[in-house]
Amino acid sequence: MVLPKNQPDTLANAHYKIKLEVFEGPLDLLLYLIKKDEIDIYDIPIAYITEEYLKYVRAMQELDIDLAGEFLVMAATLIHIKSKMLLPISSTQASELEDVADPRQELVNRLLEHKKFKAAAETLWSRAEIEQAVFTRAPIDSDKDNPEIAATIFDLVSMFKKILERRKEEIQVEIANDKLTLAQKIKEIKGLLSLKEQISVSELFNNAKSRTEIVIIFLAVLELTKESIIGLVQTETFGELIATRRDISKAYDPLANQAYT
Amino acid sequence: MLLEEILVKPMTRSPIKPILEALIFVADQPIQLKEICQVLSDEDPKEIEQILSDLVIEFNSRDSGMELREIAGGWRISTRPCYHEAIRRYLKTKPSAKLSLASLETLAVIAYKQPVTIPEILEIRGVSSSSAIKTLLDRRLIIPKGRKDCVGRPIMYGTSKEFLIQFGLKDLSELPNIEDFEELLAN
């Protein structure tokens, strides 16, 4: 329904001053038109209002405002009501004139209902504004809020010490593995945490083959914690360290930390 | 004073009242009578209720910066709205942005017609309300309330406890009567 540009009756030529208002929907637009021309909502001159309504709809199209389908449905409804009102009432109908429903009635009911909710919305907001001026106490820490104790770096270090001690005897020969990098390890841990919500930190060390690897895993955990990619928690003081997923989608940039790689 | 003396509750005829006040102060959500009765399980719920209403009268008659009131089905101590300017200066906060007209109207329809489906809201507002619904869900003002037993089984929405808190209502029956708006419009 785009107006051809060469048609003389386009908006640019017709001297309409369009005050651009954002209408929430067709009912809003109709209410605006009714108010603007001080029309009695119970006795809407349907031909006039249809024309006014269509002017706005065309103007909105002209201005390339993305027109919601509802506006066109309402245009059709208005035209339908208008045509119904133009139809002569047959003599049989005329005799029962009292029973012939006004074709506008349904639309009027909808407009009134809509108006009611608009008024209700305003009243609600004024209540909310009062409540916004009211302040309550900030939440107090309770065990309900933090069932886990955030682990400190000391917990991690003491755990690392234990692992190294345990492994002392096991590791006999160390073969330098140049390929093992911190970035690689970080990727590995992130991969593990993308599968599981949380993982025990000691589990990460289980398959470490060398002292170097243990150190790299340790550094990886430190780095991931620092970057808030993972979180370290304990379920009790001195309990087991658990790495939890925080923001594993966050990119780890090994270049920024080249000293470690 | 010794620590023991401070921590032991003072002997008065009705020690429940100060405990009630302390409990309401500490709760970060409006505390329900049910919850109070659970904590004070030795006391008669009827008596608690009576003392609670005494406390409200007493609390609100003293000329303080705080008020005790019933909100969202519980009891809450908060500052009085008239002192918001000084509080905002201290907290360095601004009131949160007004909800858009579309969101507010959608919220009004949901509040009065709940549980209500999106097509039913469309019927009243004459416009699709899906983005408004999303905003209201994000702000936790509305919550899904199951599905309607009809074609397509659309989700029904209703207002949340957060709605009652943010709009200062004891419960939904405190909403201004929608028919009053009709009279308002007629005048």
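Excluded from the calculations below are hydrogen atoms, water molecules and symmetry mates; all remaining heavy atoms, backbone and side chain alike, are included. All chains are named by letter (A, B, ...) in the order of the sequence lines, taking the proteins before the strands, and each is independently numbered beginning at 1.
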Top of B/Pro176, B/Ser96, B/Pro95 for chain A proximity - count of heavy-atom pairs under 4.5 angstrom
B/Ser96
Using heavy-atom distances under 4.5 Å, tell me whether B/Phe25 contacts chain A through its side chain, its backbone, both, or neither.
both
Quick one: CD1 on B/Ile77 to CZ on A/Arg137, what's the gap to the nearest 0.5 Å?
9.0 Å
I need the B/Leu104 CG to A/Leu124 CG distance, nearest 0.5 Å.
7.0 Å
Using only heavy-atom distances, determine whether the side chains of A/Glu70 and B/Ser128 contain a donor-acceptor pair under 3.5 Å.
no
Is there a donor-acceptor contact under 3.5 Å from the side chain of B/Ser78 to the main chain of A/Val134?
no
To the nearest 0.5 Å, how far apart are CZ in B/Phe167 and CH2 in A/Trp125?
6.5 Å
Do B/Arg88 and A/Phe135 make a side-chain contact, defined as non-hydrogen atoms from C-beta onward lying under 4.5 Å apart?
yes
Got a donor-acceptor contact below 3.5 angstrom from the A/Arg110 side chain to the B/Ile124 backbone?
no
Cation-pi geometry met for B/Arg125 and A/Phe117 (6.0 Å, 45°):
no
Distance, nearest 0.5 Å, that separates CD of A/Glu122 from CG of B/Leu101
6.5 Å
If you count the non-hydrogen atoms of other residues, nucleotides and ligands that lie under 6.0 Å from NZ in A/Lys36, is the total more than 12?
yes
For a quick test of reading the model, state the closest non-hydrogen atom pair linking A/Pro26 to B/Gly126 and the distance between them.
CD-O, 3.2 Å
Between CD of A/Glu131 and NE2 of B/His84, what distance do you get to the nearest 0.5 Å?
13.0 Å
B/Ile71, part contacting chain A, at a heavy-atom distance under 4.5 Å:
side chain
Sub-4.5 Å side-chain heavy-atom contact between B/Gln166 and A/Gln132:
no
Decide if atom NZ of B/Lys161 counts as having more than 12 heavy atoms of other residues, nucleotides or ligands within a radius under 6.0 Å.
yes
Criterion salt bridge (charged side-chain N to carboxylate O under 4.0 Å, His left out) on A/Glu129 and B/Lys98, from CA distance to verdict
CA-CA 9 Å; A/Glu129 269 186 313; B/Lys98 183 174 175 174; over 6 Å; no
Hey, is CD on A/Glu51 packed in by over 12 heavy atoms from elsewhere, all under 6.0 Å?
no
Interface residue of largest heavy-atom contact number with chain B, from A/Ala121, A/Ala133, A/Ala138, under 4.5 Å:
A/Ala133
Which pair of non-hydrogen atoms, one from A/Gly25 and one from B/Val127, has the smallest distance, and what is that distance?
CA-CB, 4.0 Å
Between atom CZ of A/Arg127 and atom CG of B/Leu175, what is the distance when rounded to the nearest 0.5 Å?
7.5 Å
Pick whichever of A/Met74, A/His114, A/Glu113 has the most heavy-atom pairs under 4.5 Å with chain B.
A/His114
Per-residue tally against chain A (heavy atom, under 4.5 Å) across B/Gln29, B/Arg80, B/Met66, B/Glu123 peaks at B/Glu123
